[in-house]
Each structure stands twice: as C-alpha cells, then as structure tokens.
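Reading through the structure tokens given below for one structure.
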Amino acid sequence: MRHALVLAIFAGCSPSATPVDAAADAGVETAVASACSRDTRAEAYVAGIEKKATSLTVKIVSATPAPPAKDANAWMVEVTDNASNGAITGAQVTVTPFMPDHGHGSSRTPVVTEKGSGKYEVNDVYLTMPGLWKTTISVARPSAAAAEEVVFNFCVDG
C-alpha cells in the first residue's frame, strides 16, 4: 500500500502529465495570479512610478519586462533632488529585492550602472519566484552623511 502511494505521488510529478494534471497545474498558476491581484500590499507597476524619501525621489522610468516578472529584470531608475528637482549624479545606488512572506532575498545581486543625468541602469533584478517582492532602493549621495531609501512592493505572477 505504501509503495502504491509513493508511485501515485511521483506519477503526478512526471513530465508526461495527463490533461487533468495540466489543468490542475494551470489552476495553481491562476491561484498565484489571483493572490497577486488580492494582495493589498502590492503596488501596480506603471512606467514612471516614483517614491519620495526625505530629500530625494526615485522613479522607475522603465522596466523590462513590464511589469516586473519572475527571473531576470532590468530597470532604469532616475534619482532627483526634492528641493531643486535636479538630477542626482555620482550617487551610490543599491537595489535589494526581498520576499517578506518567505524571509529571503534574491540569489543574485543587482548591478547598478550610472548613465548620467540622474539615471541609473539596474540589471539582474532577479526575482526568483512568484509572490510579493519588497525591493529597497538605497541612494547615498557623495555629500550626504547617510543613505536614503525608498521601497517598491511588486507582486510577481507565476
């Protein structure tokens, strides 16, 4: 009896899944997508979404793919001074994705490259799995004593 149960469990995981198994898998993906649409902590991504810190604003000018999705993402962010609305250049910008519901970050560290005029290209924003990702963008100006942070909360579908 125990062997039959084990075989039944492994049969459901086989690559030759039946149409019933495929429908069940689709239901799991739909459940994740539905979970994202019901998660009140998540923000809807739109090009140009921005967050204000004390003295600066961080805007996600564009994302590839858009909206952010599972696996590798690339973002273009723009950092401006709140008082002058001028571009902030020469800053140390770091991007840290974290899944609060799972208690872990990404398996990769995003790479930030300054592009001029307050724009910073962020590659390898690697969102390893579906669910809510709390992504902190930290900006340390050359002349500031401490970095300022903003947080974007995007839910990623399966």
Side-chain angles (χ1 to χ4, degrees), residues 13 15 17 22-158:
C13 297
D25 290 345
V28 169
E29 289 179 19
T30 302
V32 170
S34 298
C36 279
S37 66
R38 291 189 311 266
D39 195 327
T40 58
R41 301 167 298 168
E43 303 167 62
Y45 170 82
V46 292
I49 189 170
E50 64 181 40
K51 295 286 181 86
K52 290 189 181 295
T54 303
S55 70
L56 58 84
T57 298
V58 176
K59 177 189 296 187
I60 301 177
V61 177
S62 63
T64 304
K70 186 174 166 246
D71 295 326
N73 291 260
W75 296 351
M76 180 63 71
V77 300
E78 182 177 52
V79 184
T80 54
D81 181 85
N82 289 345
S84 69
N85 203 33
I88 295 176
T89 60
Q92 174 76 33
V93 177
T94 57
V95 177
T96 308
F98 183 77
M99 286 195 90
D101 296 339
H102 295 232
H104 66 77
S106 177
S107 58
R108 299 182 188 166
T109 301
V111 177
V112 180
T113 306
E114 184 171 3
K115 294 307 216 179
S117 302
K119 291 194 172 66
Y120 296 82
E121 182 180 70
V122 186
N123 286 300
D124 217 14
V125 181
Y126 196 72
L127 309 176
T128 56
M129 61 192 309
L132 183 73
W133 284 90
K134 174 183 173 181
T135 304
T136 302
I137 299 178
S138 177
V139 180
R141 299 186 202 213
S143 60
E148 292 186 54
E149 297 180 342
V150 298
V151 176
F152 293 92
N153 292 296
F154 298 125
C155 195
V156 171
D157 289 331

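Keep in mind the model is a prediction, meaning the values are calculated, not measured. Only heavy atoms go into these numbers, but all of them, side chains included; no hydrogens, no water, no symmetry mates.
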Restricting to non-hydrogen atoms, name the atom on [X] and the atom on [Y] that form the minimum distance, rounded to 0.1 Å.
| X | Y | value |
| --- | --- | --- |
| Ala53 | Glu148 | CB-OE1, 3.2 Å |
| Val77 | Ile60 | CG1-CG1, 4.1 Å |
| Lys52 | Val150 | C-CG1, 4.0 Å |
| Ala91 | Ile88 | CB-CG2, 4.1 Å |
| Pro110 | Pro97 | CG-CD, 3.9 Å |
| Tyr120 | Gly90 | OH-N, 3.3 Å |

Angle class for the Phe154/Phe152 ring planes (parallel below 30°, perpendicular above 60°, tilted otherwise)? parallel
Going by atom types only, do Asn82 and Ser55 share a side-chain donor-acceptor pair under 3.5 Å? no
Thr89 versus Glu114, side-chain donor and acceptor atoms under 3.5 Å: no
Value rounded to 0.5 Å, distance of [atom1] in [X] from [atom2] in [Y]:
| X | Y | atom1 | atom2 | value |
| --- | --- | --- | --- | --- |
| Asn73 | Thr64 | CG | OG1 | 8.5 Å |
| Phe98 | Leu132 | CZ | CG | 10.5 Å |
| Met129 | Lys70 | CE | NZ | 8.5 Å |
| Lys115 | Thr113 | NZ | OG1 | 6.0 Å |
| Thr136 | Asn153 | OG1 | CG | 8.5 Å |
| Lys134 | Cys155 | NZ | SG | 15.0 Å |

With Lys51, which of Glu78, Glu43, Glu149 fulfils salt bridge (charged side-chain N to carboxylate O under 4.0 Å, His left out)? Glu43
Do Val112 and Thr94 touch side chain to side chain, with heavy atoms closer than 4.5 Å? no
Do the side chains of Pro68 and Leu127 get nearer than 4.5 Å, heavy atoms only? yes
Partners meeting salt bridge (charged side-chain N to carboxylate O under 4.0 Å, His left out) with Asp81 (sequence neighbours left out): Arg141
Under the criterion side-chain contact (heavy atoms from CB on, under 4.5 Å), I'd like the reasoning laid out for Glu50 against Thr80: C-alpha separation, chi angles, the key distance, then a yes or no. CA-CA 11 Å; Glu50 64 181 40; Thr80 54; over 6 Å; no
Closer than 3.5 angstrom, by distance alone: can the side chain of Asp39 be matched with the main-chain N or O of Arg41 as a donor-acceptor pair? yes
